[in-house]
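Numbers here are sequence positions counted from 1. All ligand and atom numbering here is 1-based and tracks the order in the structure. Every value quoted in this text rests on a predicted model; they were computed, and no experiment measured them.
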Amino acid sequence: MASKKNYHMSPQQLNENGQLLLNWLENYYTNIEKYPVMSKVSPGSVRAALPSEPPQQGEGFQEILKDIDRVILPGITHWQSPNFFAYFPANASGPAILGDLLSAGLGVQGMMWVTSPACTELETHVLDWLVDMLDLPGKFKSSHNGGGVIQDTASSASLCALLAARERITNYGANREGCNGKLVVYTSTQGHLSIEKAVKIAGLGNQNLRLVPVDKNSAMVPEALTNLISDDKKRGKIPCFVAATTGTTSSTAFDPLDKIGPICQKENVWLHVDAAMAGTAALCPEFRFIHNGIEYADSYCFNPHKWMFTNFDCDCFYVADRKVLIKTLSILPEYLKNKATESGAVIDYRDWHIPLGRRFRSLKLWFVIRHYGIEGLQFHVRKHVEMARELVSWIEQDHRFELAAPAPLNLVCFRHKAGDAFNEKLVERLNQSGKIFLTHTRLNGSYVIRFCIGQTHTERHHVEKAWQLIGETAERIQDELS
Ligand code: PLP
């Protein structure tokens, strides 16, 4: 007879331990400002604090929790700190955390409609809601020819868009030889690295990636795109894919979609719009200028996991023609055949992205939208933009600093007038202080400090204190140098 012994955590223990973990999280969020924002550990120190062998016998949950404090916390860079102004945010919120917990608890693998109908249908529904919430073109809705799907990241979304563009032009799945070495991809010099990576993964060849010049505000120059396309055609190349950016990583520049769109349409080139961070701003009607010309897009993506209070990972990817995406990514082996799929009446999201398996990610998005409501989301996005505008005004009033780019939303790019080396030192000192975390970029060849305001719990006083700290630290460095 099989032994009844088991090592599992019972539902009751799950509840008890879950309470401990939720208490831990309450404590973490309450005290988050006490930790240095950027982790100070040196390489290898987290591993050095871990036993070299895994435990032979299982351990109590309390023991595991102790090691979260002892080993893990020191090695955490606190992305959820209100003093985190680095990169673009990856903001989390209570409803999203709980939605993710529920997703883990249900443990659904939603690769096809039949493997959990709610996993597919909630996702379709919430992504359709978002089309209205951001005022995106109706063609991206599942009730039209398009539809949306949650991908892990914008990088994956852009890769899928590129693969679909190749399929549309070459019927690649059936004819791999078709256009080998001829397809060309265009993005601006400010386009995200994920486009170059997509070209690499798709095997199109780096020599077939064109970086289109930008204007003084870092936006793609449409005439330059036209010229590059025309040159490529003369050389027997086949223009295939334009990745325009709505809110570039370095400085939230907006490529002029209303001018790029007609070029793509005329040349039969797929237009993908990457709005990874900035897309969330379109929740507010006054920021919808960021999507001017979006009606030309064949595909579009934005990341609720950046600025829409939905913890990582969650990218919403839309296509205007779902058939071509499905044709690109679908393979149906015998072991996945089922009546629902055969009926044609359901969506099987496994055909909309690269992995087969998928989590129930729409739960966290649904929880977020229901918790905040459109009004609450708009309120917080507006608040971030207002704080950024105030920071801009402080920079403009300070003779030591200058703005390095327009700040249309929540990212402020600026520098101290004392030059690159000084700014580099300034960022290093600020980050070492543990009080705030900032990152940098280069614009027009110069080192620039990026200050992005998108953290869930960032308030005006955090930004004000950070600005004070920047001024004081700059003063100290200047004293040392003089
Ligand atoms: N596109 C833009 C404009 C970005 O700023 C980023 C990341 O910051 C990405 C794409 C990549 O995002 P992900 O990490 O979701 O791939």
Side-chain angles (χ1 to χ4, degrees), residues 77 79 84-92 96 134 148-163 185-202 209 211-212 214 217-220 241-257 260 271-282 290-291 294 297 299-318 353-355 358-359 361 364-365 384 405 407-413 437-443 448 450-455:
T77 288
W79 283 72
F84 182 100
F85 304 111
Y87 308 109
F88 276 151
N91 63 17
L134 302 187
V149 58
I150 299 180
Q151 302 257 346
D152 52 4
T153 59
S155 303
S156 297
S158 296
L159 173 61
C160 289
L162 174 58
L163 298 176
V185 171
Y186 306 81
T187 193
S188 86
T189 55
Q190 297 293 310
H192 190 260
L193 69 91
S194 51
I195 306 305
E196 187 177 343
K197 196 169 185 179
V199 168
K200 204 170 180 179
I201 296 169
L209 173 66
L211 298 182
V212 186
V214 293
N217 288 334
S218 299
M220 188 189 285
F241 184 77
V242 171
T245 316
T246 289
T248 56
T249 314
S250 278
S251 65
T252 34
F254 304 111
D255 290 340
L257 305 179
I260 295 168
L271 174 60
H272 174 62
V273 175
D274 172 5
M277 202 282 301
T280 293
I290 68 168
H291 283 154
I294 189 72
S299 55
Y300 169 86
C301 74
F302 88 106
N303 287 359
H305 76 219
K306 279 189 165 33
W307 195 13
M308 215 184 95
F309 311 103
T310 307
N311 42 285
F312 202 89
D313 50 355
C314 185
D315 166 272
C316 295
F317 174 53
Y318 291 95
H353 54 39
I354 289 160
R358 60 200 324 272
R359 303 193 290 121
R361 275 185 292 226
K364 61 185 170 190
L365 202 45
H384 287 152
L409 297 171
N410 61 341
L411 172 67
V412 181
C413 294
F437 184 22
L438 295 167
T439 47
H440 78 281
T441 189
R442 270 188 190 275
L443 289 175
V448 165
R450 293 170 78 266
F451 191 124
C452 191
I453 304 172
Q455 251 323 312

Minimum side-chain heavy-atom gap Asp255-Thr246 below 4.5 Å: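 No; the side chains remain at least 4.5 Å from each other.
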Using heavy atoms and a 4.0 Å limit, tell me yes or no: is [X] in contact with ligand 1?
| X | result |
| --- | --- |
| Ala157 | no |
| Asp315 | no |
| Asp274 | yes |

Validation row, ring centre Tyr87 to ring centre Trp79 under 6.0 Å: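 Here the rings of Trp79 and Tyr87 have centres that are less than 6.0 Å from each other.
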Pair Phe254 and His291, ring centroids less than 6.0 Å apart: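 Ring centroids of Phe254 and His291 are no less than 6.0 Å from each other.
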Residue and atom name of the nearest protein heavy atom (relative to atom 5 (O) of ligand 1), distance in Å to one decimal: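 Checking every protein heavy atom, the shortest distance to atom 5 (O) of ligand 1 gives Thr249 OG1, 2.8 Å.
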Atom 16 (O) of ligand 1: the protein heavy-atom neighbour that sits closest, reported with distance to 0.1 Å: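 Going by distance alone, atom 16 (O) of ligand 1 is nearest to Ser155 OG, 2.5 Å.
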Heavy-atom donor-acceptor pair, Thr153 side chain to Ser156 backbone, under 3.5 Å: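 Checked: pair present.
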Of the listed options Lys306, His192, Met277, closest to atom 12 (O) of ligand 1 (non-hydrogen atoms):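 It is Lys306 whose heavy atom sits nearest to atom 12 (O) of ligand 1.
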Short N or O distance, Thr248 and ligand 1, threshold 3.5 Å exclusive: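 In fact, backbone or side chain, Thr248 has no N or O that close.
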Any N/O pair Ala276/ligand 1 closer than 3.5 Å: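 No, there is no polar N/O contact under 3.5 Å.
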Side-chain donor-acceptor contact under 3.5 Å, Thr310 with His305: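 The answer is no; no qualifying pair exists.
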Shortest non-hydrogen separation from Asn91 to Phe309 and the atoms involved: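 Minimum heavy-atom separation between Asn91 and Phe309: OD1-N, 2.6 Å.
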Proximity of Asp313 to ligand 1 by residue part, where a heavy atom lies under 4.0 Å: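 Near ligand 1, Asp313 shows nothing, with every heavy atom at 4.0 Å or more.
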His305 and ligand 1 - part of the residue with a heavy-atom distance under 4.0 Å: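 The answer is the side chain of His305.
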Ion pair check, Asp313 and Arg359, cut-off under 4.0 Å: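 Here Asp313 pairs with Arg359 in a salt bridge, since their nearest N and O are under 4.0 Å apart.
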Contact atoms of ligand 1, heavy-atom distance to Gly247 under 4.0 Å: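 Counting atoms of ligand 1 from 1, those under 4.0 Å from Gly247 are 3 (C).
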Residue Phe88 vicinity, atoms of ligand 1 by number, heavy atom under 4.0 Å: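 Within the 4.0 Å cut-off of Phe88, ligand 1 contributes 5 (O), 8 (O).
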Separation between CE of Met220 and OH of Tyr186, rounded to the nearest 0.5 Å: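 Here the rounded value is 11.0 Å.
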